[in-house]
Each structure stands twice: as structure tokens, then as C-alpha cells.
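Structure first, then comments.
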Amino acid sequence: MKFATQLIHGGQTHDPLTGALGVPIYQTSTFRQQSLDQFGKYDYARSDNPSREALEEAIAGLEQGSRGFAFASGMAAISSTLLIFSPGDHLVVCDDVYGGTYRVLSKIFSRLGIQSTFVDATSLDQIASAIRPETKGIYLETPSNPLLKVTDLRAVVELARPRTIITMVDNTFMTPYLQRPLELGCDIVLHSGTKFINGHSDVICGLAVVKSEELGERIRFIQNGFGAILGPQDSFLTLRGLKTLKVRMDQSQTSAGTIVEWLSKQPRVTKIHYPGLPQHPGHAVQCSQADGSGAVLSFELDSLDTTRRLLEQSQLSAFAVSLGGVESIISYPAKMSHAAVPPDERKRKGITDTLVRLSVGLEDPDDLIAEMDGIFNGKSV
Ligand SMILES: *Cc1c(COP(=O)(O)O)cnc(C)c1O
């Protein structure tokens, strides 16, 4: 089955009881049992809920994993997954990891005795030299946020496998439509389902998918024990959003390409980060491991004044945190996604004060360009 068909027919396609096209919202906390000797498939909705299960099966299938798990947020998925590690374990993490992940690792997991070393993951040498005897996990985002740096996932797997290090990839920017890390040999895929997977800026949701049954058992135990599960209403909405993932990504990605081309001719734009550009340092690796470059890009502007005008005057692109919705979102990493990263650290990483990130939605790109043109050149729009 091809991806578009799998989105519609890959999971549970209807409610077996009524034939309804779609799995209903099972808004219940508990399930009545028939027999003292044998409980039914469902007993308590933290453990299992049919609405959540439908989403979990769907994402597991799309990522080619053995099992999927839905959590209350991307951070809940990431934090719950990181609970597979124990005090004394060490992680190697890409240095422009999502700000919330940086925070949870550096402020919470460090306190629990799980240490992380942050490296420039575009360099295999840096990853390799950060590995210690107690390194148990490598945590990556590719393309990364907000600089769209690319990590060679196959090469990292070659480093990790012989040392039985678990490779985890936050695949939020790519989605399984464009990149399937488990097929490349990685062990765990994570998502902020809040972004492209749900796609409508109306749900907070997180997902984890594992390749092996063994990791599946461990995360299942944590999901039920720790309890940061996704509710049935949000499971339903996310599953509904997921069905249009391919058409949304196709359109947003095409528009992103058009916008990048236009930006590259603008004197006020001093640098563009988008792996689809042939001059992007990660372009070749991106082409070898993903089926596209997605709909998120970032760029640097000539001054703080232009930056402020673009962020404050944009009407079509919402000045907001988040990404991956039907509406374009323009954000300011230094004060938004990466506010949790100390200023010195941020500068060192290249997240400057004139860097903006654009997540391209489903508007006509001509309108988005016309608006930016007006702002850059002081025309009224
Ligand atoms: C938004 C985001 C997260 C966190 O997800 P929430 O759903 O906001 O908790 C993690 N990783 C990436 C790449 C994100 O963009």
C-alpha cells in the first residue's frame, strides 16, 4: 500500500459495531467487566482506550514500527521515552535539539543522574568522540530546529549498533511521509503530534514508535505507569488530522520551495537555512535519507529592525510558537523555542537575534510572498 492509501486505510478504518467510518471518541475512564476470571481487552482508560489505540496503530504502521504510543504532548512522549534510561547512563544529544528537550535533559534528567553531552550532530567525529562506556542513547533531530542541520542517520546507526546504544530520532519536522528513521536502522521515533501530524493547530499531542518488541514492552510499561497518556478526544482529532498528512505536506513543501527561491533574491535576507537548497551543507545526506525537505525553513535578516517588522507586521503568517499547521507560522527562536537555552550557548549555536523560522502553511505562496515583500520594502500591504 502506498503512503496516501495507508493514511486512509492502514489502521482501523471503521467502527466494527456500527460501521461508522472512523473510530469513535470513547469518552470513558473505565470498562464494565463480564467475568471474575477473565477481564475484557479494556479495563481502565489510562492503560488502553480504543480511540487512542487507533491512533497508536496508525502511527506505528506509518513509521514501520512494531508499536506506537500516544502521549499528552510531544514533551510527554520524549520524557516518558527517556525514562527507559537509569541513573549513571549517558546520552549524546544534538546541540540544537528542541528547547524543551534541552530543558528536560539539562534540568530534570541530569538531576536523576542521567547526563547528556550536546554535540554538533552534523559531525560524526563529534558524536563518536562524545561516546563513553556508559553511553546508552543517542538523541537526534534531523533536520534540526531551528537551523535545519542534517545528521546522517545511517552513519549514526553504524556507530551505535555495535555498542548497543539506542538511537532516538525526533521526526516532527519530517513526519513519516518524508522520513522513516526506523527503516534507516534507528530504534525509536518521537513526534510532537501537535505539529504536522495533527496539522490543524488545535491539539497538543505526542507520539513514540519503536522498532523492537522489547523496547515496545519497556515503553508500554512506562506509558501505563507514568500515565502521561493522550485523551480520547485528542486522539480522535489527531487521527482525523493525520488522514490528510500527505496532501498537506505536499502543498506546504511546494510552497516552501517557492518561498525559499524568492527569499534567496532578497537583499534583506542574509542567510537561508533549508536542506532543499543545493548549497545547504546537508543537502546530499538529506536527499539520501528523506523524500523531501519539508515545510520549515529559517533565515537571517539584515537587522533587528527588519526582524521586528516582519514578526510584528505579518498578518497571514501568525507570529507564534509552534509549526506544522494549515496556517503559516512565523516565530522567533531566540525568544520562543530556544528561550530555555542560555544566551551564550544560543549564540554559539548560531541562533542569532535576527533569525526567524517560518513554517509554511496552506495559503497561496504568492500571498505570503506579497506580504513579506511589502514588509521588507516598506510598502503597505
Ligand atoms: C513542538 C516540538 C516538541 C514538543 O512538543 P509538544 O507537543 O509541544 O510538547 C518536540 N520536538 C520538536 C521538534 C517540536 O517542534
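Just so it is clear, the values below take in all heavy atoms, side chains as well, and ignore hydrogens, waters and symmetry mates. This is a predicted model, so every value here is computed, not measured. Heads up: numbering here begins at 1 and tracks the sequence. Just so you know, ligand 1 is whichever comes first in the structure, and atom 1 is the first atom listed for that ligand.
- In summary, the aromatic rings of Y26 and F236 are positioned with their centroids too far apart to meet the 6.0 Å limit.
- Between R67 and the options E217, E53, E214, E57, a salt bridge (charged side-chain N to carboxylate O under 4.0 Å, His left out) holds for only E217.
- Side-chain contact between N145 and V97 is absent, with no heavy-atom pair separated by less than 4.5 Å.
- With V119 as the fixed residue, the side-chain contact (heavy atoms from CB on, under 4.5 Å) test singles out one of I131, I127, L124, I138: I127.
- Ordered by chain and residue number, the residues placing a heavy atom less than 4.0 Å from ligand 1 are S73, G74, M75, I78, Y98, E141, D170, T172, S192, T194, K195, C205, L323.
- If you check the side chains of E63 and N171, you find a donor sitting under 3.5 Å from an acceptor.
- Electrostatic pairing of K149 and D120 counts as a salt bridge here, judged by a charged N lying under 4.0 Å from a carboxylate O.
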